[in-house]
Amino acid sequence: MTSGILLYSRSTSSASYRVRIALNLKKQHYDLKVINTEQQHHKSGEYLSLNPQGLVPLLIHQLSDQEVKLNQSVAIMEYLEETFPQQGTALLPKDPVGRARVRSLALHVACDMQPLNNSGVVNFIRSDLKRDANTVKGWQLHWAEKGFTGLEKQLESDSTGRFCHGDSPTLADCCLVPQVFRCTLPRVGLDISKYPKIKQIYENCIQLPEVQQAMPQQQPDAPADEFWTATVG
């Protein structure tokens, strides 16, 4: 580890994508270690000894007197904000109401939307419950539309600006971008134009270099061409 921060990541993991965006917004250099879940790297004894949950991301921050290990994306992003408050972009507003609103928007995605479309859940429905491709896709689209419908209404607020809260990206945007990315792939098939606020915020976000550098296609384990066109997954 040369930077002091090591991120265990998977290019297409929504939670990993969030943290990569946050690290870039906070102007933190980090080393990256790819965890290939298709090759079961996350189930290896070595990785489980670091992260018993066996998921990504995992962030290790080497301090002078201790080694910090964190394995939940929202906790990692809040840690980055609290550890580097004067560096890069503030991921949380200064006022209590604004901070609560940003957390609420972020958790709407991270807790109520993404887990239902997580690859582990989708694979269980397809493989263990023996559901066909149309059922799997219908499951994903149903929960995506339900989640984005509620989020769109929350964003119809004077507190929303170019981004989810005001005119600077926050934790909420770090969570939103990967979810839109995932759900607009053919395997889910979400029509993002049905959610104009979300669509505009997403388009504003992906113009940011910090977001572009975090995109799955920019990672060392970038997905193969068929990932972008697959209608099942």
Side-chain angles (χ1 to χ4, degrees), residues 1-63 66-84 87-89 91-92 102-103 105-123 169-183 205 208 210-223 227:
M1 191 189 312
T2 60
S3 66
I5 297 177
L6 175 62
L7 180 67
Y8 289 79
S9 171
R10 170 77 165 156
S11 65
T12 55
S13 155
S14 296
S16 298
Y17 191 177
R18 294 171 200 153
V19 174
R20 295 194 301 265
I21 294 171
L23 281 161
N24 293 342
L25 288 171
K26 296 306 295 179
K27 305 299 183 188
Q28 295 304 305
H29 297 290
Y30 62 95
D31 294 312
L32 187 75
K33 185 163 180 71
V34 170
I35 294 295
N36 190 324
T37 53
E38 291 179 0
Q39 296 180 12
Q40 304 298 302
H41 290 177
H42 61 304
K43 295 183 179 179
S44 71
E46 179 184 1
Y47 187 66
L48 289 173
S49 69
L50 297 171
N51 181 5
Q53 195 175 16
L55 301 174
V56 287
L58 169 69
L59 183 136
I60 298 179
H61 187 196
Q62 188 65 56
L63 303 176
Q66 66 175 312
E67 185 178 75
V68 177
K69 293 191 187 77
L70 296 170
N71 68 329
Q72 285 289 335
S73 63
V74 176
I76 291 170
M77 293 188 292
E78 291 219 28
Y79 172 79
L80 293 172
E81 177 60 23
E82 293 172 359
T83 304
F84 307 106
Q87 299 182 39
T89 301
L91 300 180
L92 286 166
V102 166
R103 288 186 174 110
L105 294 170
L107 293 172
H108 179 112
V109 175
C111 295
D112 294 337
M113 291 184 66
Q114 190 268 339
L116 291 163
N117 284 345
N118 182 278
S119 60
V121 171
V122 171
N123 290 337
T170 64
L171 285 182
D173 303 283
C174 293
C175 292
L176 177 67
V177 168
Q179 195 66 18
V180 174
F181 162 78
R182 165 77 185 182
C183 291
C205 285
L208 298 173
E210 294 89 347
V211 174
Q212 294 172 359
Q213 293 159 14
M215 288 177 173
Q217 57 267 44
Q218 299 302 321
Q219 305 311 302
D221 61 328
F227 174 86

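Index from 1, following the sequence. This structure is a prediction, so every number in the text was calculated from the model and none was measured.
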task = Go through the structure and list residues passing side chain to side chain contact (heavy atoms under 4.5 Å, CB included) with Lys33, not counting sequence neighbours.
result = Leu6, Tyr8
note = What one should report as the nearest heavy-atom pair of Leu91 and Glu81 is N-OE1, 2.8 Å
inquiry  = For Pro52, give me all partners under side chain to side chain contact (heavy atoms under 4.5 Å, CB included), at least two apart in sequence or on another chain.
reply    = none
task = Could I get the full list of side chain to side chain contact (heavy atoms under 4.5 Å, CB included) partners for Gln218, not counting sequence neighbours?
result = Met215
Extract all donor-acceptor atom pairs below 3.5 Å that involve side chains of residues 112-121 and protein atoms in other chains or at least two apart in sequence.
from, atom 1, to, atom 2, distance (Å)
Asn117, ND2, Gln140, O, 3.4
Asn118, OD1, Gly120, N, 2.8

query = Do Asp221 and Asn36 pass the side chain to side chain contact (heavy atoms under 4.5 Å, CB included) test, and can you show the C-alpha distance, the side-chain angles, and the key distance before you say yes or no?
reply = CA-CA 8 Å; Asp221 61 328; Asn36 190 324; over 6 Å; no
Gln217 side chain vs Gln212 backbone, donor-acceptor pair below 3.5 Å = no
ask   = Are the aromatic ring centres of His61 and Tyr30 under 6.0 angstrom apart?
value = no
request  = Would you please test Arg20 and Glu210 for salt bridge (charged side-chain N to carboxylate O under 4.0 Å, His left out) and show each step?
outcome  = CA-CA 9 Å; Arg20 295 194 301 265; Glu210 294 89 347; over 6 Å; no
query = Does one side chain, of Ser73 or Arg18, offer a donor that lies under 3.5 Å from an acceptor on the other?
reply = yes
note = Hits for side-chain hydrogen bond (donor to acceptor under 3.5 Å, both in side chains) against Asn71, two or more places apart or cross-chain, chain-then-number order -> Asn51, Gln53
request  = List for me each residue that meets ring pair (Phe, Tyr, Trp, His ring centres under 6.0 Å) alongside Phe227, sequence neighbours excluded, and say none if there are none.
outcome  = none
message = Has Asp173 got a side-chain atom pairing as donor or acceptor with Thr170's backbone, closer than 3.5 angstrom?
response = yes
